[in-house]
S.K.: 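Sending over a structure as structure tokens; questions will come in a sec.
Every chain is numbered from 1, with letters handed out A, B, ... down the list of sequences. Owing to the predicted nature of the structure, the values given are computational and were not obtained by experimental measurement.
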Amino acid sequence: MELPKTYDSKSAESKWYEIWEKGSYFKPKKGKAGKPFSIIMPPPNVTGQLHMGHALDITTQDALIRFKRMKGFETLFLPGMDHAGISTQVVVEKKVKQEEGKSRHDFTREEFLEKIWQWKKEYGGIIIKQQKAMGASPDWDYFMFTMDKEANEAVNKVFVSLYNEGLIYQDDRLVNWDTVLQSAISDAEVEYKEVKGKFYHIFYKVKDSDIKLEIATTRPETLLGDTAIAVNPNDERWNSLIGKKAIVPICNREVPIIGDEYVDMEKGTGCLKVTPGHDFNDFEIGKRHKLETINILNLDGSLNEYGLEWANKSTKETRKGVLKKLEELEQLGDIKDHIHQVGHGDRSKTVIEPILSKQWFLNVHDMAERAVNAVEKDETKFYPKGWENTYFSWLREPKDWCLSRQLWWGHQIPVFTCKSCNKQWASEQHPSSCPDCSHQEIAQDPDVLDTWFSSGLWPFSTLGWPDPERMSERKFDTFYSTSVLVTGFDIIFFWVARMMMMGLKNLDKVPFEKVYIHAIVRDKEGRKMSKSLGNGIDPLDMIEHYGADALRYTLAAGSGYNRNLNLDSERIAGYRNFINKIWNAFRFIQPFLNDADPKLPDQLNHHERWILSELNMVTKQVNESMEEFRFDDSCSQIYGFVYDKFCSWFIEVSKNILHGDDQDLKIQRASVLKFSFKKVLALLHPFAPYITEELWSYLKDPSEDLLIVQDFPEYDSSLDFKQDQDLMNNFIEVITAVRNLRANVNIGPKEPLAIEVFTDHNELKQYLNDETEALKDIGRLKEITVKTKGLDRPKKSVMSVTSFTEVFLPLEGVIDLNDQIGRLEKSLQKTEKEYSKYANKLKNEKFMKNAPDEVVNEVKQNAAELSEKLKAIRENLDIFKS
RNA sequence: GGGCGAUUAGCUCAGCUGGGAGAGCGCUACCCUUACAAGGUAGAUGUCGGCGGUUCGAUCCCGUCAUCGCCCACCA
């Protein structure tokens, strides 16, 4: 059968994914390791399209899962999807607006929710197909959506228990109000961005006096809600005014002048207007001084009746109007440019207005403390460890979590109020009557919970909690705590911290033993990939062009303990070439497979021991680096082995045997090739599942199952052959020397040469004699003579010196002696420089006294080898010069 | 303002507990050599950000400065 010259990723990908999925290969099964390994996939948004961040998520998680599955762990990779409250509702609102010209308020809540579900059915979850294209191997039967009734059950259960414990409470507070979404959002959802603004200086008159207080503000329109003027009680300039009244311009409100240490005498003018209704700090001052809190805004951000003539106008218009009026009143002072940080909603990108409103809060104080302790005690470990700081920094100063959102799409808050007696209580089930007065008219709180509330429960709600039957079906006891959480650092606060708190609170057990924080994917210039910059690389495009394996390998090779992964599509092309290289290595060995024994032969020669030993080293390193999430190391180890050992040398030195007549040798070599190539495929499989499964199907014995469930290679001490590795390095040096000489004297690669090699290294001499056929083949030589160093050096020749050999290429006709001498002198210089490095150390008494023996010995050995090389070069130079 | 991180070949980055620096891509020259031109062979390139210190020895440890990035806090 003739295989095509290039690997066709598309046909392999669709073929194997279906076989794996239909064959239930993704399902957890008890394996030889006898231990569970579980990863809960961070649920992508139902509105999501696969981007490179997801692709990286999938790649690293799936590599771990496939690795552990092959090692015989009972692996669960649990997929899911997030309802993404705000994003989804916004998407559907936009669609309805476009198609029907209506807003959500033109529908009842039930009607609109029905539209969202309909949207979800039609358009949601495209990302699932995209995850499959990446080759993700989760057990799809475990799939869960955060709005499924099972998830809702968990949400209600947790909410009610926290409510009954008094940790969830309702309060009138200043919250971050998103005027576009018309909902409160949590502190974590506010992004601070630098904005160019202005400092407006305003004069406030002091009542019954001629004094005018100059006050600086960036938001002059908020003066309509001022309820005090504050100065620092230690401020000699103003503290005598404390207790007097000031008059707020325009609205002419009389407000007290108060003293508060919060006021910074250096900042601004040293006087502060206090607006408790629209500033977090002012709100605190207001509480301390029992000030009135005035709300001047409507929920859409426009001014309310306190806005006077600007009622129903935007804050922007109001600001203009207020300034103009102040100018007319001659109460406007300097205006200075000012750069400051302003909070924006991370979804809507609009300026966040602090607004007083009644919201549900969760007191996280104790939960946060436990979450901190668990990490301090290593119950959960971060990789890389540095990210613990980010986690701690948030949890050590926790603010109560604003849980309620004024949206429709989400888990409705399970708090009920009796319309008759006003009793308020929380209940997991929708109650039919009031527990106190039995009245049947009951209202449920209209708000829904922050999306992250249900996400916080994800590690256990997906495993069936709280229903005992479901928990046993889903093997809760086996898989909780989960083994690893893989995610990006941007959601350590949002998600990791919340899962930790919720897991510890509800189950007394951490939700995951390890957290691997991977890099953020950026473009090749290190910029964040974004739609507006147009610098995004679409994973699906890349799969289309280069194949899923190439994309996965690129992402894995770029993933270690780094915080940025700058991705260039050229790198993906590079790894596509690597995948193709594997394909062609297979094309080479394939015709000889029939001769191969399924087992490793008892007899092994130099090169066979060498390749097995190299493979063994790589196997060891890959196993180790995978455990530490150093995918970059794993990938470069395998890459180097495949290219530089297996393809460049082992296949090359095998050609003369495979094309030769010695049947026994042929079988032996074919067996080793097959054995080692199968191991390579297994090592590669976690990163490049498709091509490896494809090639495995040609290589496997009939009794063997698919590669996805084969044993992962393990280190085997009986396959360590150090001496063969050393000798092979010398062998490679000789070949390289020949190629070098050929290039130096401009002899084409096809011209067969005769060479003479001189060496005093007895094992190497034997080795070179054993392998003359290989040498001839690779070096394009017609003859090779191996001799003891010393006499008989050929006269008319060019030569090169390696660690243990002198390689001579005798030349007929005239050779350019000067050229040859020049080359040798260059080599001499280089070697001398290197030698002196070591020689100086050996002369250094302090070094000899202080350095550890092993270092001294190594230096001695290097010096000896270089000294011999120097001697050889000098001798040969003398000959050429004479 | 507080914290974290980075600075190594043209680009992207490795470099584990200190023993004289590596990879991939790119570049140059020569090769369509019977697995692979998505390939092969040979090659060039670094004051390891600056300055001090510890040490026999520093890319690695300490101090300091510079530049860049991120997170948190702060709408006077």
S.K.: Tell me whether A:Glu751 is salt-bridged to A:Arg742, with the criterion being a basic N under 4.0 Å from an acidic carboxylate O.
M.R.: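 Salt bridge: no.
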
S.K.: Could you list the residues that satisfy side-chain contact (heavy atoms from CB on, under 4.5 Å) with A:Thr831, not counting sequence neighbours?
M.R.: A:Ser827, A:Leu866, A:Lys869, A:Leu870, A:Ile873

S.K.: Among B:C25, B:C56, B:A38, which nucleotide has an atom closest to any side-chain atom of A:Arg576?
M.R.: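 The answer is B:A38, which lies nearest to the side chain.
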
S.K.: Write out all pairs satisfying salt bridge (charged side-chain N to carboxylate O under 4.0 Å, His left out) with one or both partners inside residues 219-228 of chain A, taking only residues at least two apart or from two chains.
M.R.: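 Non-adjacent pairs meeting salt bridge (charged side-chain N to carboxylate O under 4.0 Å, His left out): A:Arg219-A:Glu353, A:Glu221-A:Arg319, A:Asp226-A:Lys273.
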
S.K.: With A:Ala743, which residues qualify under side-chain contact (heavy atoms from CB on, under 4.5 Å), at least two apart?
M.R.: none

S.K.: Mind checking A:Pro591 for me? I need base, sugar-phosphate or nothing, with any heavy atom below 4.0 Å counting as a touch.
M.R.: nothing

S.K.: Quick one: which of B:C74, B:C70, B:C56 gets closest to the side chain of A:Lys846?
M.R.: B:C56

S.K.: Using the 3.5 Å cut-off, write out each protein N or O paired with an N or O of nucleotides 32-36 of chain B and the distance between them.
M.R.:
residue	atom	partner	partner atom	Å
B:U33	O2'	A:Arg780	NH2	3.1
B:A35	OP1	A:Lys655	NZ	3.4
B:A35	O2'	A:Asn584	OD1	2.9
B:A35	O2'	A:Arg587	NH1	2.8
B:A35	N6	A:Cys647	O	3.2
B:A35	N6	A:Glu652	OE2	3.2
B:A35	N3	A:Asn584	O	3.0
B:A35	N3	A:Ala585	N	3.3
B:C36	O4'	A:Asn584	OD1	3.0
B:C36	O2'	A:Asn584	ND2	3.4
B:C36	O2	A:Lys581	NZ	3.1
B:C36	N3	A:Lys581	NZ	3.0

S.K.: Holding to side-chain hydrogen bond (donor to acceptor under 3.5 Å, both in side chains), I want the full list of residues that pass it with A:Asn623, two or more places apart in sequence or in another chain.
M.R.: A:Lys71

S.K.: Check A:Lys837 with A:Glu834, please: is the shortest side-chain N to carboxylate O separation under 4.0 Å?
M.R.: no

S.K.: Among residues 387-395 of chain A, which residues get a heavy atom nearer than 4.0 Å to RNA chain B?
M.R.: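 Within this stretch, nothing sits under 4.0 Å of the strand.
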
S.K.: Any heavy-atom pair between the side chains of A:Glu628 and A:Tyr561 that's under 4.5 Å?
M.R.: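 Heavy-atom side-chain distance check passes, below 4.5 Å.
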
S.K.: Determine the contact category for A:Ile492: base if any of its heavy atoms lies under 4.0 Å from a base atom, sugar-phosphate if only primed atoms, P, OP1 or OP2 are that close, otherwise nothing.
M.R.: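 Nothing: the residue A:Ile492, judged by heavy atoms under 4.0 Å, touches no strand.
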
S.K.: Measure from the side-chain heavy atoms of A:Arg739 and tell me the nearest of B:G39, B:C72, B:A42.
M.R.: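 Given the options B:G39, B:C72, B:A42, the side chain of A:Arg739 is closest to B:A42.
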
S.K.: Select base, sugar-phosphate, or nothing to describe what A:Ser636 touches, counting heavy atoms under 4.0 Å on all strands.
M.R.: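 No contact.
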
S.K.: Got a sec: does the CG of A:Asn234 have more than 12 other heavy atoms crowding it under 6.0 Å?
M.R.: yes

S.K.: Show me the protein contacts with nucleotides 15-22 of chain B, counting only N or O atoms at under 3.5 Å.
M.R.:
residue	atom	partner	partner atom	Å
B:G15	OP1	A:Arg630	NH1	3.2
B:G15	OP1	A:Arg630	NH2	3.4

S.K.: Go through the structure and list residues passing side-chain hydrogen bond (donor to acceptor under 3.5 Å, both in side chains) with A:Glu627, not counting sequence neighbours.
M.R.: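 With sequence neighbours excluded, A:Glu627 shows a side-chain hydrogen bond (donor to acceptor under 3.5 Å, both in side chains) to A:Lys68, given in chain and number order.
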
S.K.: Going by the rule side-chain hydrogen bond (donor to acceptor under 3.5 Å, both in side chains), which residues pair with A:Asn594 if we only count those two or more places apart in sequence or in a different chain?
M.R.: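 Result, side-chain hydrogen bond (donor to acceptor under 3.5 Å, both in side chains) vs A:Asn594: none returned.
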
S.K.: Can you name the side-chain hydrogen bond (donor to acceptor under 3.5 Å, both in side chains) partners of A:Lys193, sequence neighbours left out?
M.R.: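 Not a single residue meets the side-chain hydrogen bond (donor to acceptor under 3.5 Å, both in side chains) criterion with A:Lys193.
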
S.K.: Which pairs with one or both residues in residues 646-655 of chain A pass side-chain hydrogen bond (donor to acceptor under 3.5 Å, both in side chains), sequence neighbours excluded?
M.R.: A:Glu652-A:Lys655, A:Ser654-A:Arg669

S.K.: In what stems does RNA chain B take part, counting only runs of at least 3 consecutive Watson-Crick or G-U pairs whose two distances fall under 3.5 Å?
M.R.: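 Stem list for RNA chain B: B:1-7 with B:66-72, B:10-13 with B:22-25, B:27-31 with B:39-43, B:49-53 with B:61-65.
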
